[in-house]
Amino acid sequence: MSAVANPVRVEGRLDSELSRWLWLVKWILAIPHYIVLVFLWIAFAVVTVIAFFAILFTGRYPRGLFDFNVGVVRWTWRVGFYTFDANGTDRYPPFSLQPTDYPASFEVEYPETLSRGLVLVKWWLLALPHYAVVSFFAGGTWFVMNGGGSHHYREWGGRSSGLIFLLVLFGVVALLFTGRYPRGIFDFVIGMNRWALRVVAYAALMTDRYPPFRLDQGPTEPALPPREPQPPQT
């Protein structure tokens with residue numbers, strides 16, 4: 001594991017008690033969010049194009065644009081965590097781009113500078129191996145959308161073909177009959193979402209740190225290993 005923290009942090013804490021039946025209607029309850037997210041992702045695409053040229057000519061991602069795009073992905077992750085990207089909480093997602101105390105969070109450390117050269121290739125060429133992996137997690141439509149440079153985290157109509165959806169479905173069926181969401185399934189699902197969102201941040205030009213080919217499972221980001229003591233200077 002790298003001794004340097006990943007600049008992209010994706011977390012999701014499973015509620016101790018979940019309704020056995022609420023997952024049956026969450027997709028209906030989330031419709032207002034879906035409508036808002038359609039317009040937010042259109043704005044996200046426009047902002048990403050503007051940021052592309054800003055980085056290309058100045059080596060910097062304008063902070064206001066950066067915060068907006070992080071907020072869009074954060075909002076999307078909260079809605080996904082509430083619905084069939086995890087079904088980890090019964091708490092309704094807030095209509096907000098800003099960080100809150102919601103059990104799902106998405107943060108990206110703001111980069112003071114970004115490579116002007118990488119901006120030309122990382123979102124389509126360097127990220128291709130990750131697109132192939134994440135398309136298996138999230139469904140084939142994810143690969144098509146991201147491979148085309150649109151950077152959508154999830155195409156809502158195509159998610160049912162992905163491993164994430166299928167595992168969450170198993171989890172909620174278990175919840176329905178036993179009253180418990182299998183923790184192993186939840187941790188694995190969060191790991192796949194974490195992988196996918198790291199790729200989104202990289203492809204959307206938010207960081208130059210290449211996403212690791214690693215499934216970091218569990219609700220929180222992995223802790224850094226303790227640093228070895230340095231020998232005294234002589």
Subject >> CZ (F170) with more than 12 external heavy atoms under 6.0 Å >> reply: no
Original post:
Could you go step by step and tell me if Y210 and H130 meet the side chain to side chain contact (heavy atoms under 4.5 Å, CB included) rule?
Top reply: CA-CA 10 Å; Y210 196 70; H130 279 289; 3.5 Å; yes
**OP:** Kindly say whether V10 contributes a backbone atom to a donor-acceptor pair with the side chain of E221 at under 3.5 angstrom?
**Re:** yes
Original post:
Got a second to check how far N193's CG is from W77's CH2, nearest 0.5 Å?
Top reply: 4.0 Å
Subject >> Spacing of CH2 belonging to W195 relative to CD1 belonging to I164, to within rounding of 0.5 Å >> reply: 11.5 Å
Subject >> Nearest heavy atoms of A201 and V108, plus distance in Å >> reply: CB-CG2, 4.4 Å
Original post:
For atom CZ of F39, is the number of surrounding heavy atoms from other residues, nucleotides or ligands below 6.0 Å larger than 12?
Top reply: no
Subject >> Check: R78 side chain, S96 main-chain N or O, donor-acceptor pair, under 3.5 Å >> reply: yes
**OP:** Take F165 and D85, measure what side chain to side chain contact (heavy atoms under 4.5 Å, CB included) needs, and give me the verdict at the end.
**Re:** CA-CA 6 Å; F165 177 85; D85 285 340; over 6 Å; no
**OP:** Using modelled atom types only, decide if a donor and an acceptor are shared between the side chain of D216 and the backbone of P222 within a distance under 3.5 Å.
**Re:** no
Subject >> Neighbour count above 12 (heavy atom, 6.0 Å) for F213 CZ >> reply: yes
Original post:
Does E11 pair with R13 as a salt bridge, N-O distance under 4.0 Å?
Top reply: no
Original post:
Between F84 and W27, is the ring centre distance below 6.0 Å?
Top reply: no
Subject >> R180/E17 salt bridge by N-O under 4.0 Å criterion >> reply: no
**OP:** Using atom types as modelled and distance alone, determine if a side-chain donor or acceptor of N87 lies under 3.5 Å from a backbone N or O of V168.
**Re:** no
Original post:
Quick one: CZ on F137 to CG on L167, what's the gap to the nearest 0.5 Å?
Top reply: 10.0 Å
**OP:** Walk me through it: do L29 and Y82 pass the test side chain to side chain contact (heavy atoms under 4.5 Å, CB included)?
**Re:** CA-CA 10 Å; L29 300 177; Y82 174 74; 3.4 Å; yes
Original post:
Distance from L14 atom CG to T89 atom OG1, nearest 0.5 Å?
Top reply: 8.5 Å
Original post:
Do D208 and S115 have side-chain N/O donor and acceptor atoms under 3.5 Å apart?
Top reply: no
Subject >> Heavy-atom donor-acceptor pair, K122 side chain to T207 backbone, under 3.5 Å >> reply: yes
Subject >> Donor-acceptor contact below 3.5 Å, side chain W124 vs main chain L120 >> reply: yes
Subject >> NZ/NE/NH1/NH2 to OD/OE distance under 4.0 Å, R91 and D101 >> reply: yes
Compile the donor-acceptor pairs under 3.5 Å between side chains in residues 64-74 and protein atoms, sequence neighbours left out, one pair per line.
{"residue": "D67", "atom": "OD1", "partner": "R63", "partner atom": "NE", "Å": "3.1"}
{"residue": "D67", "atom": "OD2", "partner": "R63", "partner atom": "NE", "Å": "3.4"}
{"residue": "N69", "atom": "ND2", "partner": "T48", "partner atom": "OG1", "Å": "3.1"}
{"residue": "N69", "atom": "ND2", "partner": "Y61", "partner atom": "OH", "Å": "2.9"}
{"residue": "R74", "atom": "NE", "partner": "F106", "partner atom": "O", "Å": "3.1"}
{"residue": "R74", "atom": "NH1", "partner": "L97", "partner atom": "O", "Å": "2.5"}
{"residue": "R74", "atom": "NH2", "partner": "F106", "partner atom": "O", "Å": "3.4"}
{"residue": "R74", "atom": "NH2", "partner": "E107", "partner atom": "OE1", "Å": "2.9"}
{"residue": "R74", "atom": "NH2", "partner": "E107", "partner atom": "OE2", "Å": "3.4"}

Original post:
What's the verdict on side chain to side chain contact (heavy atoms under 4.5 Å, CB included) for H33 and W75, showing C-alpha distance, side-chain angles and the deciding distance?
Top reply: CA-CA 9 Å; H33 280 284; W75 190 326; 2.8 Å; yes
Original post:
Is R194 paired with D187 through a side-chain N to carboxylate O contact shorter than 4.0 Å?
Top reply: no
